[in-house]
Amino acid sequence: MKVPSNILPRSFYDRPTLTVARELLGALLVRVEDGVRIAGRIVETEAYVGESDLGCHAKAGRTPRTVIMYGEAGRAYVYFNYGMHWMLNAVTEAEGFPAAVLIRAIEPSEGIEIMASRRGKQPRARWTDGPGKLTQALNIDKSFSGVDLCSRESSLWIETGKSISDENVTIGARVGLNNVPEPWNSVPWRFLVKTRE
DNA sequence: AGCACGATTAACT
DNA sequence: GTTAATCGTGCTC
């Protein structure tokens with residue numbers, strides 16, 4: 001028997017961003033396309049917190065691009081970067097405070113054939129081990145910007161997964177931030193599950 | 001209207 | 001280790 005889906009509620013996201021980033025590890029990112037589930041366990045996240053965080057897009061204030069981060073928690077913030085990649089974030093904290101968690105990597109678990117058709121040129125371990133790669137595998141683009149991750153109607157949500165103990169979590173500095181001044185370049189706001197067999 | 005740059009990836013040497 | 005690909009965004013003129 002299949003266990004009923006358990007979609008993370010808005011109250012999960014309406015908390016401190018670092019807490020959400022940590023607890024999203026082990027959760028299941030689910031995309032439904034043509035009635036088929038494509039999913040994977042979240043294994044890497046990063047927190048972006050407020051206008052004072054100079055690594056966060058919200059440092060520019062409320063603009064057409066960042067306005068979603070100022071909205072209610074539990075929505076998807078999807079943006080385009082480097083002229084070719086879509087990035088998926090979950091908006092966190094109270095409405096009016098701009099913050100989000102970047103989903104950086106998942107481990108494929110459902111919809112393997114569909115992911116293979118999109119990412120099959122690479123070995124399976126490389127299908128979804130980067131933020132631009134997982135959006136490619138799950139077919140996520142700008143049309144998902146602002147959708148409600150707490151609703152089944154979005155065809156994109158996150159379910160409770162197995163919890164990850166502290167001993168299996170590595171915490172470090174965020175990656176890919178160029179020309180971002182300290183301390184923002186070094187704050188340990190990156191969370192990843194230690195890979196193991 | 002023009003410009004520099006970026007929360008990256010894949011294909012090189 | 002290095003670098004091209006590629007374009008939306010926000011800032012300056």
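These figures come from a predicted structure and were not determined experimentally. Naming convention: chains lettered A, B, ... in sequence-line order (proteins, then strands); numbering from 1 in each chain.
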Open item on the list: Using a 4.0 Å heavy-atom cut-off to protein, can you give one letter per nucleotide of nucleotides 2-13 of chain C, 5' to 3': B if the base is in contact, S if only the sugar-phosphate is, - if neither?
Closed with: ---BBBSSS---
Task: Side-chain N,O (A:Arg104) to OP1/OP2 (B:dT8) below 4.0 Å - done: yes
- [ ] Only counting residues at least two apart or in another chain, list the ones meeting salt bridge (Lys or Arg N to Asp or Glu O under 4.0 Å) with A:Arg75.
- [x] A:Glu72
- [ ] Return each pair, listed once, that meets salt bridge (charged side-chain N to carboxylate O under 4.0 Å, His left out) where at least one residue sits in residues 86-103 of chain A; pairs must be two or more places apart or across chains.
- [x] none
Task: Partner set under salt bridge (Lys or Arg N to Asp or Glu O under 4.0 Å) for A:Asp141, not counting sequence neighbours - done: none
Task: Pairing residues for A:Ala105 by the side chain to side chain contact (heavy atoms under 4.5 Å, CB included) criterion, not counting sequence neighbours - done: A:Val43, A:Glu44
Open item on the list: Could you check whether A:Glu110 pairs with A:Arg31 (Lys NZ or Arg NE/NH1/NH2 to Asp/Glu carboxylate O, under 4.0 Å)?
Closed with: no
TODO: Check the distance between B:dT9's P and A:Arg118's CZ and give it to me in whole angstrom.
DONE: 17 Å
Task: Results of salt bridge (Lys or Arg N to Asp or Glu O under 4.0 Å) for A:Asp34 - residues two or more places apart only - done: none
Open item on the list: Has A:Asn6 got a side-chain atom pairing as donor or acceptor with A:Glu159's backbone, closer than 3.5 angstrom?
Closed with: no
Open item on the list: Show every salt bridge (charged side-chain N to carboxylate O under 4.0 Å, His left out) that has at least one partner inside residues 126-139 of chain A, sequence neighbours left out.
Closed with: A:Asp129-A:Lys133
- [ ] Can you sort out the partners of A:Ser165 under side chain to side chain contact (heavy atoms under 4.5 Å, CB included), two or more places apart, ordered by chain and number?
- [x] A:Glu167, A:Asn168
Task: Stem list, DNA chain B (Watson-Crick or G-U pairing under 3.5 Å, at least 3 consecutive pairs) - done: B:1-6 with C:7-12, B:8-12 with C:1-5
Open item on the list: Could you tell me how far apart A:Lys59 (NZ) and B:dA7 (P) are, to the nearest whole angstrom?
Closed with: 7 Å
Open item on the list: For residues 58-67 of chain A, which residue pairs pass the side chain to side chain donor-acceptor pair (under 3.5 Å) check, not counting sequence neighbours?
Closed with: A:Thr63-A:Thr66
Open item on the list: Rounding to an integer number of Å, can you tell me how far A:Gln136 CD sits from B:dT8 C1'?
Closed with: 11 Å
TODO: Please identify each residue that fulfils salt bridge (Lys or Arg N to Asp or Glu O under 4.0 Å) with A:Glu51, with sequence neighbours left out.
DONE: none
Task: A:Leu54 CG - B:dA7 P separation (whole Å) - done: 12 Å
Open item on the list: Just to be sure I understand the geometry, which residues of residues 170-182 of chain A put a non-hydrogen atom under 4.0 Å away from DNA chain C?
Closed with: none
Task: Earlier contact from the 5' end, DNA chain B, for A:Gln122 and A:Met69 - done: A:Met69
- [ ] Classify the nucleic acid contact of A:Arg119 as base, sugar-phosphate or nothing, counting any heavy atom under 4.0 Å across all strands shown.
- [x] sugar-phosphate
TODO: Nearest whole angstrom, please: distance from the C1' of B:dT8 to the CG of A:Leu88.
DONE: 15 Å
- [ ] Please report, rounded to the nearest Å, how far the P atom of B:dT8 is from the CG atom of A:Leu102.
- [x] 7 Å
TODO: Whole angstrom is fine here: how far is it from CZ in A:Phe191 over to C1' in B:dA7?
DONE: 15 Å
